[in-house]
Novice: 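One structure follows; several queries about it will come next.
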Amino acid sequence: MKFKLTYPLLTLGLAAIVGVATASPTNALSAPTAGGDPALTAAAQAQFGSQYRNLSVAKIDANTGTIKYANFGATNASEYEIGSVSKTMVGLLMADAISRGEVTENTTVGSKLPIASNLAQSTLTLRELATHRSGLPSLPGTIDMQLQTLQYQFGGANLVPFTLDQFIRQARQVTPKDRGVYKYSNMAVALEGHMLAKGANTNFKTLTQNRLLTPLGLTQTRFLTATSDVTSATKRGVNASGSTMQPFAGEGYAPAATARSTVNDMAKYALKVMKSQVPGIGALTPRVTAAPGQQVGYNWFTDSQGRKWHNGLTGGFASMLMLNPATGKGIVVLSDKAVIVDNGAIALLENPAL
């Protein structure tokens, strides 16, 4: 099935990364972990049998409230970077903040963040940021970002180690281009997340914890908002060549890039979204066209079949969350290798035998 997806943060040169650490000798999926659902395990193995390493899958049925799991070289509690899937959480936070009267769709960047020196960007609205029509680039072309990108590409470094102050300084240097035209932007969603936090008189990490993670019982989900959050125990993924990549961490781009979770938490999250048991459920409502057959609400994409989704790709991980309201089924796929999992995830979602 041909399916047009909009890829997140790390498509900008992932294939160019060479000579980092030690490459994995084979492209083989790890052995299945005992205890998984037999049918889902077999189907997932057929979909992801090559190119991948350690991987976790959850198939959610909102009709019965049940979840089936399949793990390869992992468990339900194994941690992965979920990349841009975290943007769906930012969308929920935005819809919730609007319902609380803290912001509106037309709240401007300049009214919440100190970037007034950039008059063009200061007038951007939350709606423009959340629907990727701000005219902002995916990542800025500032000198510090260019230098960090080189270290990321050729040394496997953390791409987004920037503090909030550093991120704001980058934002002041970027002028929107083609405003009003769909263009996927990590920078836009990072601004959106920090604007929502300012509207609630807190920081993004605290906002997300208090309004989403704790109320939904997502105890295995966290945002790395400082480089000090990374320890020797923090799981590393690998790029498409099998070379180890450093974890993403940093407050500046946290809303767009630094979340980590487990298949257990992401399945729980998916089920609650499907049952409308989350704050800000209106975020899923399509608002503008992103591409032919594809619309976007507040950071949630809707395809021509009405499926709600977001994927993720970081330096060392790939992810997909997709929900089909028509069937009441959902799928979560998490991989610790940066090779997209989208087509396999769709096949598992639409497999009527699962």
Novice: Does Glu102 come within less than 4.0 Å of Arg211, counting only side-chain N to carboxylate O?
Specialist: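 Salt bridge: yes.
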Novice: Are Glu192 and Asn299 close enough that a side-chain donor and a side-chain acceptor fall under 3.5 Å?
Specialist: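 A pair is found: one side chain offers a donor N or O, the other an acceptor, under 3.5 Å apart.
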Novice: Determine, for Asp96 against Arg100, whether the closest basic-nitrogen to carboxylate-oxygen distance falls under 4.0 angstrom.
Specialist: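 Yes, Asp96 and Arg100 are salt-bridged.
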Novice: For Leu212 and Met89, work out which heavy atoms get closest and say how close.
Specialist: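 In this case the closest contact between Leu212 and Met89 is CD1-O, 3.5 Å.
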Novice: Establish, from distance only, whether the side-chain atoms of Arg179 and Thr123 form a donor-acceptor pair under 3.5 Å.
Specialist: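 The answer is yes; a qualifying pair exists.
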Novice: Within the 3.5 Å criterion, strictly below it, is a donor on Gln166 or Asp144 matched to an acceptor on the partner's side chain?
Specialist: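 Distance-only check fails for Gln166 and Asp144.
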Novice: For the residue pair Phe317 and Tyr80, does the interplanar ring angle fall in the parallel (under 30°), tilted (30 to 60°) or perpendicular (over 60°) class?
Specialist: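 Because their plane-to-plane angle is over 60°, the rings of Phe317 and Tyr80 count as perpendicular.
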Novice: Taking the basic N atoms (NZ, or NE/NH1/NH2) and the acidic carboxylate oxygens, is any pair closer than 4.0 Å for Lys329 and Glu350?
Specialist: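 The answer is no: the pair does not qualify as a salt bridge.
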Novice: Would you check if there is a donor-acceptor pair between the side chains of Gln220 and Thr262 at a distance under 3.5 Å?
Specialist: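 A pair is found: one side chain offers a donor N or O, the other an acceptor, under 3.5 Å apart.
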Novice: Under 4.0 Å between a Lys/Arg side-chain N and an Asp/Glu carboxylate O for Glu128 and Arg133?
Specialist: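 No, this pair does not count.
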Novice: Are Phe167 and Tyr253 an aromatic pair, judged by ring center distance below 6.0 Å?
Specialist: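 That pair passes the under 6.0 Å test.
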Novice: So, Tyr269 versus Thr88: side-chain donor-acceptor pair below 3.5 Å or not?
Specialist: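 Yes, Thr88 and Tyr269 have a side-chain donor paired with an acceptor closer than 3.5 Å.
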Novice: Cut-off 3.5 Å, side chains only: do Asn106 and Thr125 have a donor facing an acceptor?
Specialist: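 On atom types as modelled, these side chains do not qualify, holding no pair under 3.5 Å.
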Novice: So which atom in Ala257 and which in Phe248 form the shortest heavy-atom distance, rounded to 0.1 Å?
Specialist: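 Shortest heavy-atom contact: O-CD2, 3.6 Å.
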Novice: Glu251 and Thr163: side-chain donor and acceptor closer than 3.5 Å?
Specialist: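 There is no such pair between these side chains.
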Novice: Looking only at the side chains, is there a donor atom on one of Gln305 and Asn324 sitting less than 3.5 Å from an acceptor on the other?
Specialist: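 Absent: no donor and acceptor within the cut-off.
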